[in-house]
2 protein chains.
Amino acid sequence: MHLVACMMRGMALEHAILVSLAEKSASGYDLARRFDKSIGFFWKATHQQIYKVLARMEGDEWIAATPVEEPGRPAKKVYALTPTGRAELARWTTEPTPIETLRSEFAVKIRGMNFGDRGAVVVDIARQRERHVDRLAYYEADCTKHFPDPTALGDADLPAYLVLRGGIRTEQTYIDWCDEMLTALGHEKETR
Amino acid sequence: MHLVACMMRGMALEHAILVSLAEKSASGYDLARRFDKSIGFFWKATHQQIYKVLARMEGDEWIAATPVEEPGRPAKKVYALTPTGRAELARWTTEPTPIETLRSEFAVKIRGMNFGDRGAVVVDIARQRERHVDRLAYYEADCTKHFPDPTALGDADLPAYLVLRGGIRTEQTYIDWCDEMLTALGHEKETR
DNA sequence: AGATACATGTAAAATGTTACATGATTTT
DNA sequence: AAAATCATGTAACATTTTACATGTATCT
């Protein structure tokens, strides 16, 4: 009997990398930086993880590397999609996306606050709120910068814009939720 | 040189289980069912994972098992927090929660839609929207059932209520985002 | 008779995180 | 002279997912 050559895989980081490389060819290092911003807003990856997956994807011939040497710089390998990679990316877009399972340690902590230090949890909520205010400001600046006129968006720009809109909505929701909790937990009475 | 006895661990599922057992003692099987609903709305875990972590937590003496035999049923082990477990849970509530990193395959797919089948992605958006409509309805029913009068909530009920509110806000946001995308992608024109 | 609920696990594979490792160049 | 940026990886460990494994009791 033959072994099945193409094992089922999580198909997660692979596809995020395919999308990123489809937008623009890049080295592992470049990708690592992209996963710290833009794409990284909704999919995080460290450079170690990226190099490993990149090697696997090169083995599967989804991508191909071109060595690039610039004087006064370490040599780098710039990856680009192969026809196989482009086909895989196209195939993946036709697949129904599994429903997202949210996994929130913060929510677990809220739920457990009566079994510990309630005051500390309230402080933590206020802290989380601040982080999300920061992120919202960052996203909105990004949105204004890249899409100054959202009514005049072309087909090419629409996807990135819509994803950013999702980020903005998510952050706003987080902030509103924190506010609701802080009010319910009597934070207002203490600070005013 | 001595080895550090208490290795740093993800401290993720452990604490979700501590919270759940603090609310009410349970067997692995009971916990698996809770992680399919209530607690599972914001933290998923399979029974295999739960049994493994439960064994580890018992080894660390965070929890202790009592065998319970009911006639006509397989024997089960009911776990309860030990004083050590209760202390660990309390300690954890004082820790600042790491900022959540959202990881959304759906967002990656939106971003990549120009490199594949745009129509299929639009169908996928509509499908995701439906799922979130279902979840929202489920959460709202749950909320009405358990907290018919949110203005008269006691301290004991507040955490579970606030977490549910987070779930409701999250689902509503998802739906609104899907609507924004469907409109932007010209879905309305096609269907009316 | 077959499906579902109850009940608990082991094993293998995939994925992700943290620590370690190296070395050149540019900025402070 | 030290720190940060550029550039690529290996190794160890932890976590998560999927498949396998077993057996009773109840419901349809």
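Chain identifiers are assigned alphabetically (A, B, ...) following the order of the sequence lines, protein sequences preceding nucleic acid strands; residue numbering begins at 1 within each chain. These numbers come from the heavy atoms of this one structure, side chains and all, not from hydrogens, waters or symmetry mates.
A:Arg86 pairs by the side-chain hydrogen bond (donor to acceptor under 3.5 Å, both in side chains) definition with nothing, not counting sequence neighbours.
Counting only N and O atoms by type, the side chains of A:Arg169 and B:Thr173 include no donor and acceptor under 3.5 Å apart.
The side chain of B:Arg33 places no N or O atom within less than 4.0 Å of a non-bridging phosphate oxygen (OP1 or OP2) of C:dA5. OP1 or OP2 of D:dT8 lies within a sub-4.0 Å distance of a side-chain N or O belonging to A:Ser27. Within the 4.0 Å cut-off from OP1 or OP2 of D:dT17, not a single side-chain nitrogen or oxygen of B:Lys44 is found. In this model, the phosphate group of D:dT8 is not approached by any side-chain N or O of A:Tyr29 to a distance below 4.0 Å at OP1 or OP2.
Judged purely by atom type and a 3.5 angstrom limit, B:Lys44 uses its side chain to pair as donor or acceptor with the backbone of B:Gly40. Side chain of A:Glu140 to backbone of A:Ile168: no donor-acceptor contact under 3.5 angstrom is found.
Looking at heavy-atom distances under 4.0 Å, A:Ala45 makes no contact with the nucleic acid at all. Nucleic acid contact for B:Ala55: none, since no nucleic acid atom lies under 4.0 Å from a heavy atom of the residue.
If you take CD of B:Glu70 and P of C:dA5, they are 18 Å apart, rounded to a whole angstrom. A straight line from OH of B:Tyr51 to P of D:dT18 spans 19 Å, rounded to a whole angstrom. For the pair B:Met57 CE and D:dT15 P, the interatomic distance rounds to 12 Å; values are reported in whole Å. Put simply, CD on A:Gln49 is 14 Å from C1' on D:dG9, counting in whole angstrom units. When the P atom of D:dT17 is taken as reference, atom CD1 of B:Ile50 falls 11 Å away, rounded to whole Å. Separating the CZ atom of B:Arg34 from the P atom of C:dC6 is a distance of 14 Å, rounded to the nearest angstrom. In this structure, B:Lys76 atom NZ and C:dA5 atom C1' are separated by 12 Å, rounded to whole Å. For A:Tyr79 and D:dG9, the OH to C1' distance is 10 Å, given to the nearest whole Å.
Here the CD1-CZ distance, from A:Ile110 to B:Phe42, works out to 9.5 Å after rounding to the nearest 0.5 Å. For the atom pair OH of A:Tyr139 and NE2 of A:His132, the computed distance is 9.5 Å after rounding to the nearest 0.5 Å.
When distances are taken from the side chain of A:Lys77 to each of D:dT8, C:dT17, C:dG9, the shortest belongs to D:dT8. Listed nucleotides: D:dT17, C:dT17, D:dT15. Nearest to the side chain of B:Lys52: D:dT17.
Centroid-to-centroid, the aromatic rings of A:Phe115 and B:Trp92 stay 6.0 Å apart or farther.
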| request: Quick one, give me the B/S/- string for nucleotides 19-28 of chain D, reading 5' to 3', where B means a protein heavy atom under 4.0 Å from the base and S means that only happens at the primed atoms, P, OP1 or OP2. | output: BB--B-S---

